[in-house]
Amino acid sequence: MATAIGIAQQVDWDVPEQTGLWSDAWVRFRRNRLAVGGLAVIIVMIVLAIGARLPATPGGLWHILHITGDPVSQDVVNSYALPSLQHPLGTDILGRDQLSRILYGASISLTIGIVVQILILFIGGGIGMAAGYFGGWVDNLLMRFTDIMYAFPDLLLVLVFVAAFGPSFWSIFIALGLVYWVGLARLVRGQVLSIKEKEYVEAAIMTGTAPLKLIVKHLVPNSLGPVIVTLTFGIPAAIFTEAALSFLGIGIRPPEPSWGVMIEDGYGGIFADPRQVIFPGIAVALTMLSFTFVGDGLRDALDPRMKR
Amino acid sequence: MQAAEKAPATAVKADPVLLRVKNAYKHFPISGFGGLAVRAVDGVDLEIRRGETLGLVGESGCGKSTLARLITALLPVTAGKVVFDGQDITTLKGRRLRRIRRKMQMIFQDPFASLDPRMTVGDILQEPLDNFSIGSVRDRRRRVQELLRLVGLNPNFTNRYPHEFSGGQRQRIGIARALAVNPSFIVCDEAVSALDVSIQAQIINLLQDLQNEFQLTYLFIAHDLAVVRHLSDRIAVMYLGKVVETAGRNDIYERPQHPYTKALLSSIPVPDPAVERERAPIALKGEIPSPVNPPSGCRFHPRCPIARAPGVCSEQEPPLEPHGARDQVAACHFAGQF
């Protein structure tokens, strides 16, 4: 610092490239090994999930790797088979290949986990942001509506929505998104209320920042930390809610596998063959762990005060 | 209507007063208490002249910062007017209000809270330039560097974050931000109160240099008269939401007319130990009354050493009237009689 003034005198105008929060955040994120590892796991899972959906042409890559048997074809004679070369994770009660069911189910469970969180982010984040930012009667109206939503039993509300939209793959997402945004709305509102009172927000208004830009450049980046954490924990919650819906007969229709459904199915015979629960359970745990690491990494990366 | 608006606009150029606060009120309602309100600013009249520094002093909680936010239109007034450069800014909204911000800026009290922790210094300083689309992107980058140099910081600090700086450096960044759009008027809301004494002096000198260089007008808010004396041309003293005395710097220090001003002045320590020993600070009785329910008549009367209460002081509110020197006004029934 002592030489700061000295340097100031002989400044040359070819200045370092100006960086911002997001490019700096990426640099910080890459330094976080756990977060990068988690991101890698997620990407691998997404690739495998897509691969499991591709038609397994004989002699094709997926076929050779044995990771896409048919997730629905039954082989009842071979039920509860131990892991073998043909069935690396064994088979279930109907003799279906567990590995291919897990990989096939990944596409459903991951999509539900991620898409529902994105929906929650937009609905809950938007409502919370509007309530916190505008305050007054807008806040009152939105928050009383939120309270009403909060008062309903979650699962019942999901049932109502699914019934209203008709059971389909997408109506489950929309129903889950429409029900589970409440917590995030409250969180975001609280964040915005506290950030709004900060002097730097006043300073931004004073320098002529328009409302929309104020929200995008100041309120959103500063309230993102807890939001990311909430969303990452919401992913496994959504995966299991989907399982509950399947159990009630309005989720994914059997024989299509999803992780939640597999755990529900295997739960009955947990003492007979715990592998039925353990393998899809590991898949869910791995997913959650990866998202948690990525979420933590993102949160830290978006805070310039964190030094690694 | 058009012509009527044009005519004063030309007259304004000759107007030596840049900003007029006319009978401004700001009451914060206390919800659930049936019409009760904190009367933070309760009928303030103030004039700030072009090129001068007006010092505004008063105890904590007397409404200085609220008045600053009324003047800068960060808060809406409950009643009254704030006329800046011939324009009543209390009625402006949206884009038209933002346009005023190009001429009027503010330096904030807390250098740790007034810079967005998630923005680089370059982004912070570029924000006002972006908002008013000043110059090309390249021009703006240069301007940011120029601003940093202007306030005595290394121009290559653009990619650093506020937490990497000390309090004094952060306050310099705050000053650079206020200067970015070349304003004519800057409100310094206790801009040095949060800083060490040695840093205070640096920042005050910087503010003075900048005033000379850019012909700035300052409203300099502080809670002690010692800091203000060095910087101000005129000084206004606030007590419980009202201005009780305004005068030229020397007049107010030599011949204060309001007993509250006198009490404030007597609390300033004197560097000379001999004089300091003789100094008899006037200790005010009691605490500052609640701004929810200010005292009747003169609001200072319960603490005033010369008040006649019960009597005129507790019954009639004294108006701001000329007393003492030229250009000196005080709101006291017995101004100067102590």
Side-chain angles (χ1 to χ4, degrees), chain A residues 1-25 27-28 135-136 140 194-214 216-225 299-307, chain B residues 69 72-74 94-95 97-102 104-120 122-124 126-132 137 141-142 144-146 148-149 152-166 169 174 177-178 180-181 187 189:
Chain A
M1 286 306 148
T3 58
I5 305 295
I7 296 167
Q9 308 306 308
Q10 42 172 330
V11 58
D12 64 294
W13 289 115
D14 289 325
V15 293
E17 204 42 44
Q18 204 151 321
T19 63
L21 178 68
W22 297 97
S23 55
D24 282 356
V27 172
R28 277 191 293 269
N140 247 317
S194 79
I195 294 166
K196 209 171 65 164
E197 298 302 317
K198 296 260 161 73
E199 256 184 7
Y200 61 79
V201 171
E202 253 185 343
I205 296 172
M206 199 60 221
T207 52
T209 308
L212 194 66
K213 198 177 161 198
L214 190 74
V216 173
K217 285 195 76 175
H218 297 277
L219 296 183
V220 168
N222 281 293
S223 56
L224 221 47
R299 188 196 54 199
D300 291 351
L302 286 170
D303 187 350
R305 281 161 296 195
M306 293 295 293
K307 280 259 153 88
Chain B
R69 277 158 182 76
T72 51
L74 283 172
R95 192 183 296 267
L97 177 59
R98 289 201 288 280
R99 211 175 294 150
I100 289 291
R101 315 259 194 232
R102 235 192 122 153
M104 182 197 270
Q105 277 299 317
M106 182 149 166
I107 299 166
F108 290 85
Q109 175 173 9
D110 183 353
F112 290 89
S114 63
L115 305 176
D116 190 330
R118 279 161 218 270
M119 281 171 88
T120 60
D123 284 342
I124 289 170
Q126 206 180 312
E127 190 174 34
L129 303 172
D130 291 341
N131 289 339
F132 292 106
V137 173
R141 300 257 161 96
R142 285 196 176 190
V144 167
Q145 306 237 306
E146 193 185 307
L148 282 172
R149 204 161 41 145
L153 293 173
N154 184 336
N156 293 321
F157 283 172
T158 47
N159 286 339
R160 298 206 185 180
Y161 288 89
H163 73 272
E164 296 172 62
F165 294 91
S166 69
Q169 288 174 317
R177 171 174 59 192
V181 293
V187 176
D189 179 20

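Keep in mind that this is a model prediction, so the values were computed, not measured. Quick note on labels: first sequence line is chain A, next is B, and so on, each numbered from 1.
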### Query
With only heavy atoms counted, which part of B:Arg102 is less than 4.5 Å from chain A, the side chain, the backbone, both or neither?
neither
## Note on the structure
Residues passing the side-chain contact (heavy atoms from CB on, under 4.5 Å) test with A:Ala204, sequence neighbours excluded, are A:Thr209, A:Leu214, A:His218, B:Glu127
## Note on the structure
So, the part of A:Ala25 with a heavy atom under 4.5 Å from chain B: the answer is neither
### Query
For B:Met106, is it the side chain, the backbone, both, or neither that has a heavy atom closer than 4.5 Å to a heavy atom of chain A?
both
### Message
Using the side-chain contact (heavy atoms from CB on, under 4.5 Å) criterion, which residues pair with B:Asp130? Sequence neighbours excluded.
### Response
A:Lys213, B:Gln126, B:Arg140
#### Entry: Heavy-atom pairs under 4.5 Å with chain A, option from B:Leu129, B:Val181, B:Leu115 with the top count
B:Leu115
### Query
Where on B:Leu74 is there a heavy atom nearer than 4.5 Å to chain A: the side chain, the backbone, both, or neither?
side chain
### Query
Checking A:Ile195 against chain B: side chain, backbone, both or neither under 4.5 Å from a heavy atom?
neither
### Query
Which heavy-atom pair separates A:Asp303 from A:Arg28 by the least distance, and what is that distance?
O-NE, 4.1 Å
### Task
Identify whether NZ of Lys or CZ of Arg in B:Arg95 sits under 6.0 Å from the centre of the six-membered ring of B:Phe132 and within 45° of that ring's axis.
no
### Message
Between A:Tyr200 and B:Phe108 (judged by ring centroids, cut-off 6.0 Å), do the two rings come close enough to count as a pair?
### Response
no
### Query
Do the non-hydrogen side-chain atoms of B:Pro117 and A:Asn222 ever get within less than 4.5 Å of each other?
yes
### Message
Looking only at heavy atoms and a cut-off of under 4.5 Å, which of B:Arg98, B:Arg69, B:Arg118 has the most pairs with chain A?
### Response
B:Arg118
